[in-house]
Peer 1: 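This structure is in structure tokens; I'll ask about it shortly.
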Amino acid sequence: LQRVNLEQLQGLLLGGQVTVAGPVWWEPMPRWQLAVDLADIDPGIFNPDFPGRLTGSLSTAGSLDADNALAAGVDVQLLAGELIGYPFELAAQAQLQGEQVALTQLALSSGDNRLEASGQLSAEALDIAWQLQANEPGLFVPGASGTVEASGTVRGAAATPQIQAQVSAGQLTLDTLTVSELSVEAVAGLAADDVLQLTVSSGSVRSEAETILDAVQLQASGTTGRHTITLGLDNTLARVQSRLEGGVTDDHAGWAGRLVNLGLRGESFGSWQLRSPSTLALSATAVELGDVCLTLQDTDDALCVAGSWAQAGSSEFDARIESLSVARWVPVLTGVISGEVSGSLSVDGQLRGSSSMRMSDGTLEVPLESGSQLLQHGGGSIEASVDQRGLIAKALFAAPQEGRLQAELAIPGLSTLPLVDTQPLTGRVQAALPDLSGFAAWVPEVSSLDGALQADLVLAGSIAMPELTGELALTDGAANI
């Protein structure tokens, strides 16, 4: 038997039907020239991750030599239907020679999105060029719209390929967030000594009608294992500049290095700079940030933060205010704030933490009909803790003119996340303010204020519906508005 001519061979395959027609030769070597029709094939039967229903036709011609080396051509005229819930169309032409594959054409479409590719590939090496045109990104990401054009290559060893890509996008929208334009140029590889070059720039970023950022610039240069990253964020109120040094970890599971520079500048809060480099490690399952301290230019003000997060473990957070001048934020009030905040969150949602904040004594500037008056205050403090008893907090402020404000708050259910609105709360607020004149500075509509205030209030109810009851007494009150 040297040849079999299949006029029409039908069978069942992956829940659908397959029809094969064409000649098959056995001598002098196995070879074939076949047309194949597929109907209602479900790839999910073979791999549950790819359910669908596909119909199409293809042709193939090839042979096996005496060493069982394969030489064949495959022409997929069209394979269409639905795959993993998305519309799917595929056309492809390829030549197989042993373990080498020459991809003449691959055109994959889903809705108004199209990917094309061609090139050479084998178990050892890749040389592929590709192009992407996505006019319907919302098909894959609900709430997304806009256009994306991209092209590039994948070349080199199959285990450690090098990738080159250019991406441009316009009016990218996700729900209420819109990026006017985006461009990306990248050269990267998986080997530690492969060249890494990355430039990302964007136009304005808006949330509905509000502009969040005017521009974003990200650059990376060096190698995969050792590179520098710079990031710039700009809007009308502030500018952020940062620089990181580090590299992709050996297992390609994360990034590790240092935050070398961080600067924040804005008219309302001044110019803040990183005091010294800090360690930083990032991965999909863990984040660890060393001590990051920002100092305000030409002052003693300093803010510090450190923390860690682990998907399978506890997360920790530490912050401290080494010094912060109140007058920068509230011009009529002087004093220096300092304190610490620390907390942890276990993998089962157990929340623990403590906070101790202090404000030194200072002055309160009170506007008068002619000029102003400085009143002395004695500072204040806030102490808080979160443990198995929930949140317990106490606040104290030594107001001007020997006044006093103190408050207590307890939320017994605030010991685990997520929080619930129905949890109860209790508390008390007490005030003894013999002279209210200083508080006119907090109400722009009031030019002067007189009188004395005594208060003893009880807080009850829940977070969703708090209740405040008690006694409030105002004597000799007067105000000019």
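This one's a predicted model, so the numbers in the text were calculated from it and none came from an experiment.
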Peer 1: After noting the C-alpha distance and the side-chain angles of Phe317 and Trp309, does the key distance pass the side chain to side chain contact (heavy atoms under 4.5 Å, CB included) rule?
Peer 2: CA-CA 9 Å; Phe317 172 80; Trp309 167 82; over 6 Å; no

Peer 1: Say whether Gln133 and Asn135, considering side chains only, have a donor N or O and an acceptor N or O under 3.5 Å apart.
Peer 2: yes

Peer 1: Is the shortest heavy-atom distance from the side chain of Ile229 to the side chain of Trp255 under 4.5 Å?
Peer 2: yes

Peer 1: Does the side chain of Thr178 come under 3.5 Å of the side chain of Thr173 through a donor N or O and an acceptor N or O?
Peer 2: yes

Peer 1: Which residues satisfy the side chain to side chain contact (heavy atoms under 4.5 Å, CB included) test with Ser276, sequence neighbours excluded?
Peer 2: none

Peer 1: Does some side-chain heavy atom of Asn113 sit less than 4.5 Å from a side-chain heavy atom of Leu139?
Peer 2: yes

Peer 1: Could you list the residues that satisfy side chain to side chain donor-acceptor pair (under 3.5 Å) with Thr60, not counting sequence neighbours?
Peer 2: Trp32

Peer 1: Less than 4.5 Å apart, side chain to side chain, heavy atoms only: is that true for Thr19 and Gln8?
Peer 2: yes

Peer 1: Under the side chain to side chain donor-acceptor pair (under 3.5 Å) test, which residues partner Asp65, sequence neighbours left out?
Peer 2: none

Peer 1: What do the steps show when you test Leu54 against Leu38 for side chain to side chain contact (heavy atoms under 4.5 Å, CB included), and what is the final call?
Peer 2: CA-CA 8 Å; Leu54 301 174; Leu38 305 171; over 6 Å; no

Peer 1: Quick check for you: to the nearest 0.5 Å, what is the distance between Ser57 atom OG and Leu78 atom CG?
Peer 2: 6.5 Å

Peer 1: Going by salt bridge (Lys or Arg N to Asp or Glu O under 4.0 Å), name the residues that satisfy it together with Glu340, two or more places apart in sequence or in a different chain.
Peer 2: Arg358

Peer 1: Can you name the side chain to side chain contact (heavy atoms under 4.5 Å, CB included) partners of Ala21, sequence neighbours left out?
Peer 2: none

Peer 1: Is there a side-chain contact between Pro87 and Ser110 in this structure, where contact means two heavy atoms from C-beta onward sitting under 4.5 Å apart?
Peer 2: yes

Peer 1: Taking atom types as modelled and ignoring hydrogens, do the side chains of Gln120 and Asp127 form a donor-acceptor contact shorter than 3.5 angstrom?
Peer 2: no

Peer 1: Could you work out, with salt bridge (Lys or Arg N to Asp or Glu O under 4.0 Å) as the rule, every residue matching Arg328, not counting sequence neighbours?
Peer 2: none

Peer 1: For a 4.5 angstrom cut-off between non-hydrogen side-chain atoms, does Val336 reach Asp300?
Peer 2: no

Peer 1: Go through it in stages, so that I can follow the logic: the residues are Ser344 and Ser314, the test is side chain to side chain donor-acceptor pair (under 3.5 Å), and I'd like the CA-CA distance, side-chain angles, deciding distance and then a yes or no.
Peer 2: CA-CA 7 Å; Ser344 65; Ser314 64; over 6 Å; no

Peer 1: Side chains of Ser118 and Thr104: does their closest heavy-atom pair fall under 4.5 Å?
Peer 2: no

Peer 1: I'd like to check the side chain to side chain contact (heavy atoms under 4.5 Å, CB included) partners of Ser201; sequence neighbours left out, ordered by chain and number.
Peer 2: Ser183, Gln217

Peer 1: With sequence neighbours left out, write down each residue that passes salt bridge (Lys or Arg N to Asp or Glu O under 4.0 Å) with Asp291, or none if nothing qualifies.
Peer 2: Arg320

Peer 1: Let's go through Trp26 and Val4 carefully: what are the C-alpha distance in whole Å and the side-chain angles of both, what is the deciding distance for side chain to side chain contact (heavy atoms under 4.5 Å, CB included) to 0.1 Å, and is it a yes or a no?
Peer 2: CA-CA 8 Å; Trp26 302 107; Val4 173; 4.0 Å; yes

Peer 1: Taking only Lys NZ, Arg NE, NH1 and NH2, and the carboxylate oxygens of Asp or Glu, determine whether Arg258 and Glu245 approach each other closer than 4.0 Å.
Peer 2: yes

Peer 1: Sequence neighbours left out, what passes side chain to side chain contact (heavy atoms under 4.5 Å, CB included) with Gln105? Give chain and number order.
Peer 2: Gln93, Ala107

Peer 1: Would one find more than 12 heavy atoms of other residues, nucleotides or ligands at under 6.0 Å from atom CD of Gln162?
Peer 2: yes

Peer 1: Please name the pair of heavy atoms, one in Leu103 and one in Ala117, separated by the smallest distance, quoted to 0.1 Å.
Peer 2: CD2-O, 4.0 Å

Peer 1: Nearest 0.5 Å, please: how far is OG in Ser122 from CD in Glu99?
Peer 2: 7.5 Å

Peer 1: Under 3.5 Å, is there a donor-acceptor pair linking the side chains of Gln350 and Thr416?
Peer 2: no

Peer 1: Where the side chain of Thr55 meets the backbone of Asp40, is there a donor-acceptor pair that is under 3.5 Å apart?
Peer 2: yes

Peer 1: Could you tell me which non-hydrogen atom of Gln77 sits nearest to which non-hydrogen atom of Ala91, and how far apart they are?
Peer 2: O-CB, 3.7 Å

Peer 1: Does some side-chain heavy atom of Leu425 sit less than 4.5 Å from a side-chain heavy atom of Leu414?
Peer 2: no

Peer 1: Can a donor-acceptor pair be found between the side chains of Ser385 and Asp387 at a distance below 3.5 Å?
Peer 2: no

Peer 1: CG/Leu289 to OG1/Thr279 distance, rounded to the nearest 0.5 angstrom?
Peer 2: 7.0 Å

Peer 1: With sequence neighbours left out, which residue pairs that include part of residues 229-244 fulfil the side chain to side chain donor-acceptor pair (under 3.5 Å) condition?
Peer 2: Asp234-Arg239

Peer 1: Are more than 12 heavy atoms, taken from residues, nucleotides or ligands other than Arg265, located less than 6.0 Å from that residue's CZ atom?
Peer 2: no

Peer 1: Indicate yes or no for a side-chain donor-acceptor contact from Arg275 to the backbone of Cys293 under 3.5 Å, with no hydrogens or angles considered.
Peer 2: no

Peer 1: Okay, side chain of Ser278, backbone of Gly290: is any donor-acceptor separation there less than 3.5 Å?
Peer 2: yes

Peer 1: Would you say the side-chain atoms of Asp42 pair up with the backbone N or O of Gly15, donor to acceptor, closer than 3.5 Å?
Peer 2: no

Peer 1: Mind checking the CD-CD1 spacing from Gln423 to Ile411? Nearest 0.5 Å is all I need.
Peer 2: 6.0 Å

Peer 1: Using modelled atom types and a 3.5 Å cut-off, is there a donor and acceptor pairing between side-chain atoms of Thr299 and backbone atoms of Asp301?
Peer 2: yes

Peer 1: Would you find more than 12 non-hydrogen atoms of other residues, nucleotides or ligands less than 6.0 Å from Asp250 atom CG?
Peer 2: no

Peer 1: How far does NE2 of His252 sit from OG1 of Thr160, to the nearest 0.5 angstrom?
Peer 2: 8.0 Å

Peer 1: Would you say that Ser204 contacts Ser180 through its side chain, given a criterion of any heavy-atom pair below 4.5 Å between the two side chains?
Peer 2: yes

Peer 1: If you take all heavy atoms of Ala393 and Ala384, which pair is closest and at what distance?
Peer 2: CB-CB, 3.9 Å

Peer 1: Establish, from distance only, whether the side-chain atoms of Ser338 and Ser323 form a donor-acceptor pair under 3.5 Å.
Peer 2: no

Peer 1: Are Val260 and Leu244 close enough, and set up right, to give a side chain to side chain contact (heavy atoms under 4.5 Å, CB included), and what steps lead you there?
Peer 2: CA-CA 5 Å; Val260 177; Leu244 298 95; over 6 Å; no

Peer 1: Just how far is it from atom CG of Leu296 to atom OG of Ser271, taken to the nearest 0.5 Å?
Peer 2: 7.5 Å

Peer 1: Would a distance-only check, ignoring hydrogens and angles, find a side-chain to backbone donor-acceptor pair under 3.5 Å from Thr224 to Gly189?
Peer 2: yes

Peer 1: Can you pull the ring-ring contact (aromatic ring centres under 6.0 Å, His included) pairs that have at least one residue in residues 55-93, sequence neighbours excluded?
Peer 2: Tyr86-Phe140

Peer 1: What pairs with Glu116 under salt bridge (Lys or Arg N to Asp or Glu O under 4.0 Å), at least two apart in sequence or on another chain?
Peer 2: Arg114

Peer 1: So which heavy atom on Thr223 is nearest to which on Asp193, and how close?
Peer 2: CG2-O, 3.9 Å

Peer 1: For Ser356 and Glu383, which heavy atoms make the closest approach, and how far apart are they?
Peer 2: OG-OE2, 2.9 Å

Peer 1: Can you name the nearest heavy-atom pair linking Asp112 to Glu136, along with the distance?
Peer 2: N-OE1, 2.9 Å

